[in-house]
Amino acid sequence: MHDSSPAPVPGTSPSPVPGTSPAPVPGTSPASRVPYRFERTSGASEVHARFDTLASGEESGQVVSVAGRCMLVRRQGRLVFATLRDASGSVQLFARSGVTEDLEGFSKLSLGDWVGASGQVMKTRRGELSVEVATWELLAEARRPFGDKWHGVSDVETRFRQREVDLWANERSREVLLLRSRVVESLRRRLWDRGFVEVETPMLHPIPGGALAKPFVTHHEALDCDLFLRIAPELYLKRLVVGGFDKVFEMGRVFRNEGISPRHNPEFTILELYQAYADYTDLMILVEELVSALAGELTGSAVVSYQGRQVDLSPPWRRATLSELVGEATGEEVDVHTPLADLRRLAGSVGIEAEPAWGSGKLLLEIYEKAAEGELWGPVLVLDFPAEVSPLARRHRSDPDLAERFEVIVAGRELANAFSELVDPDDQRARFVAQAEARARGDAEAMAVDEEYLRALEHGLPPTAGLGIGVDRLAMLLADVANIREVIAFPTLRPER
RNA sequence: GCGCCUCUAGCUCAAUGGCAGAGCAACGGACUCUUAAUCCGCAGGUUGGGGGUUCGACUCCCCCGGGGCGCACCA
């Protein structure tokens, strides 16, 4: 690892690239003179927790070392006040002649510079808790300007292209990403506590499956074959159930080669869980409990405010069948058995251009999505989707044209999708074939026949229920943000040119 | 992919078709208890790029690029 004469790194040029400034002599730039480590004793919030009770003007005599980024500098003659921010919060640095070494240098700190400072904790005469700087070190120089100290950075493009700037300049951005982190952590902990085993399944799939979506294609050189970035982990997770993992989950990235919108990023995080011996009614209870508990834990209440409206996530949630909701939205009582012609007419009346190949199930789904879904503030458990549009879900025990499937709708958007899993390999094959036919007719999002998965089913999948939750969407709900990019550290943007 | 909106100094924003400006940041100076906002001074721009109309374009028109929102598609 540490050759004395390292080989040239491929891709680097031995001579300076024309048009770029010459590389500085190694070891001489300011950035190379900063220390290799800094011994910090306290975070900013910890200093406040321990010393906020000091009286104005009181000196604690207790020395701490803090480190962070200089967000504000106020010079007052031979006094310098600086606001130091670290991951936990902010604390003021107070530098003065006779106490602070190299006060001259300290007074030249720029906004954005990283500093480590040691000194006693005291409270100024004006009552601001401060570290009275005795010794300090520059830990990183901010060579680039940092944005407006009052307005921060609000340019959306800068915020998402240079998230590191956004995160320092805008406290809210930090809070939102921190909340997302807690959502992920809490989901994991709650599932572990319930006995679910966390697993990891392939991201590179020979056949994209488990959802209806257009995949990204990539190529494996050694195998000389195309592979697809996964659009869902579903099929592999159910194969693990076949293998004996009776409660499994995976939380991870999936990739869908579709449009970008305030609610869609090409890569997003999904939580999928599978529980053997359970059906979709068990998962209704589970999803209600998970989401309401998360809201309580992370926002303090199961009633959350989203975009100016209240959402009461306390269980039980409203349960309504898809047909009922279509009826409410259109005033027409229809279901999956309604004659095709009537469904076509209804579809047309709500502004859908129905394709000739669509069956009654597809028509009903389209009508629901166009006329009903967006109006549901929720939370609502939308039950019993048509089997035709649910190729991996088990047929309803009381109606074979329906599937035992539900979606969770909150704020007009799908938050989760679940079903009693289709366990019959023959029926699964028939569903795959129907999908493949749709694919042959030009439906780029239809599934292909997955023989590997069918072979797994033939080894026996016990009664199983599966649930998928859009983690980004859940984070959006709890963080009360309207754009999915806010909850993704580095959302997809067109590359800079 | 289509439609609408938007792009001015490092940041946040101004400027009837008529000399491109302010605040903050930066830079130089003053100030021993400040709290985004002290005072004085000094700089800072191919107004996203290109073309057109005009005596004159940040402003009007066209093309291109980035971004936002909506539609479509989906979670």
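The sequence lines fix the lettering, A, B, ..., with proteins before strands; numbering per chain opens at 1. What's counted below: heavy atoms across the whole structure, side chains too, no hydrogens, waters or symmetry copies.
One interatomic measurement links the two molecules: CG of A:Asn257 to C1' of B:rA75, which rounds to 15 Å at whole-angstrom precision. What separates CZ of A:Arg161 from C1' of B:rG67 is a distance of 8 Å, to the nearest Å. For A:Arg230 and B:rA75, the CZ to P distance is 16 Å, given to the nearest whole Å. For the pair A:Met122 CE and B:rU32 C1', the interatomic distance rounds to 12 Å; values are reported in whole Å. A:Asp113 places its CG atom 13 Å from the C1' atom of B:rA26, with the value rounded to the nearest Å. B:rA72 atom P lies 14 Å from atom CD of A:Glu355, rounded to whole Å. Rounded to whole angstrom, the span from the CZ atom of A:Arg253 across to the C1' atom of B:rA75 amounts to 15 Å. Residue A:Asn483 contributes atom CG, which lies 15 Å from atom C1' of B:rA75 at whole-angstrom precision.
Results of the salt bridge (charged side-chain N to carboxylate O under 4.0 Å, His left out) test with A:Glu486 over A:Arg263, A:Arg180, A:Arg172, A:Arg159 single out A:Arg159 as the only residue that passes.
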Next item on the list: Go ahead and write out RNA chain B as dot-bracket, 5' to 3': ( ) for pairs within the strand, [ ] for ones crossing earlier pairs, | when the partner sits on another strand, dots for unpaired; Watson-Crick or G-U wobble, both distances under 3.5 Å.
Entry: (((((((..((((....[..))))..((((.......))))......(((((..]....))))))))))))....
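Residue pairs meeting the side-chain hydrogen bond (donor to acceptor under 3.5 Å, both in side chains) criterion with at least one member in residues 200-213 of chain A, sequence neighbours excluded: A:Thr201-A:Arg230, A:Thr201-A:Glu250. Pairs engaging residues 352-365 of chain A under the side-chain hydrogen bond (donor to acceptor under 3.5 Å, both in side chains) rule: A:Lys362-A:Glu366 [sequence neighbours left out].
Evaluation of the side chain to side chain donor-acceptor pair (under 3.5 Å) rule for A:Glu128 yields no partner, not counting sequence neighbours. A search for salt bridge (Lys or Arg N to Asp or Glu O under 4.0 Å) contacts involving A:Glu258 returns nothing, not counting sequence neighbours. Remark: A:Arg345 engages A:Glu332 in a side chain to side chain donor-acceptor pair (under 3.5 Å) (not counting sequence neighbours). Here A:Asp102 pairs with nothing under the side chain to side chain donor-acceptor pair (under 3.5 Å) rule; sequence neighbours left out. Every residue meeting the side chain to side chain donor-acceptor pair (under 3.5 Å) condition with A:Lys108, not counting sequence neighbours, appears here in chain and number order: A:Glu104.
Taking every heavy atom of residues 73-91 of chain A and every atom of RNA chain B, pairs under 4.0 Å involve A:Arg74, A:Arg75, A:Gln76, A:Gly77, A:Arg78, A:Leu79, A:Phe81, by number. Listed by residue number, A:Arg413, A:Glu414 are the residues of residues 403-418 of chain A with a heavy-atom contact under 4.0 Å to RNA chain B. Looking at residues 95-108 of chain A, you'll see A:Arg96, A:Ser97 sit with a heavy atom under 4.0 Å from some atom of RNA chain B.
No donor-acceptor distance shorter than 3.5 angstrom exists from the side chain of A:Arg405 to the backbone of A:Ala393, with no hydrogens or angles considered. In terms of modelled atom types and a separation under 3.5 Å, the side chain of A:Ser110 and the main chain of A:Asp113 share no donor-acceptor contact. Side-chain atoms of A:Lys123 come within 3.5 Å of backbone N or O of A:Leu54 as a donor-acceptor pair.
Rounded to whole Å, the P atom of B:rU38 lies 12 Å from the corresponding atom of B:rA26. Separation of the C1' atoms belonging to B:rG65 and B:rA72 is 24 Å when rounded to the nearest angstrom. One C1' atom belongs to B:rG66, the other to B:rG48, and the distance between them is 8 Å to the nearest Å. Nucleotides B:rG41 and B:rU35, compared at atom C1', are 25 Å apart to the nearest Å. Straight-line distance between the C1' atoms of B:rG45 and B:rC13: roughly 15 Å, to the nearest whole Å. When the P atom is compared between B:rU46 and B:rG10, the two are found 8 Å apart, to the nearest whole Å. Spacing between B:rC60 and B:rA75 at atom C1', rounded to whole Å, works out to 44 Å. When the C1' atom is used for both B:rU6 and B:rC64, the distance is 16 Å, rounded to whole Å.
Out of B:rG67, B:rC33, B:rC71, the shortest distance to the side chain of A:Thr124 is found at B:rC33. Ranking B:rG67, B:rG70, B:rU35 by closeness to the A:Val156 side chain, first place goes to B:rG67. Picking from B:rC69, B:rC73, B:rG67 the nucleotide with the shortest atom distance to the side chain of A:Glu445 gives B:rC73. Among the nucleotides B:rG70, B:rA75, B:rA36, the one closest to any side-chain atom of A:Leu72 is B:rA36.
By the neighbour-count criterion of 12 heavy atoms within 6.0 Å, atom CZ of A:Arg182 is sparsely surrounded, having that number or fewer from other residues, nucleotides or ligands. In this structure, A:Glu375 places its CD atom where only 12 or fewer heavy-atom neighbours from other residues, nucleotides or ligands lie under 6.0 Å away. No more than 12 heavy atoms of other residues, nucleotides or ligands shown are found within 6.0 angstrom of CZ on A:Arg78.
Here A:Ile207 contributes atom CD1 and A:Ile231 contributes atom CD1; the two are 11.5 Å apart, rounded to the nearest 0.5 Å.
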Next item on the list: In sequence, state the C-alpha distance, the side-chain angles, and the governing distance for A:Tyr280 and A:Phe419, and then conclude on ring pair (Phe, Tyr, Trp, His ring centres under 6.0 Å).
Entry: CA-CA 5 Å; A:Tyr280 77 149; A:Phe419 33 88; 9.4 Å; no
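A:Ser420 and A:Glu404 form a side-chain donor-acceptor contact under 3.5 Å, judged by distance and modelled atom types alone.
By the 5.5 Å and 30° criteria, A:Phe268 is stacked with the base of B:rA75.
In this structure, A:Glu366 and A:Ser110 both approach RNA chain B, and ranking their closest nucleotides by distance from the 5' end singles out A:Ser110. For the pair A:Pro262 and A:Glu373, nearest-nucleotide mapping onto RNA chain B gives the more 5' position to A:Pro262.
Among the heavy atoms of the strands lying under 4.0 Å from A:Gln92 is at least one base atom, whether or not backbone atoms are also near. Among the atoms of the strands shown, none is found under 4.0 Å from any heavy atom of A:Ile469.
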Nucleotide N/O to protein N/O under 3.5 Å, stretch nucleotides 2-11 of chain B:
residue	atom	partner	partner atom	Å
B:rC11	O2'	A:Asp148	N	2.8
B:rC11	O2'	A:Gly152	O	2.7
B:rC11	O2	A:Asp148	OD2	3.2

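Cation-pi geometry between A:Arg85 and A:Trp168 is not met: the NZ or CZ atom fails to fall both under 6.0 Å from the ring centre and inside 45° of the normal.
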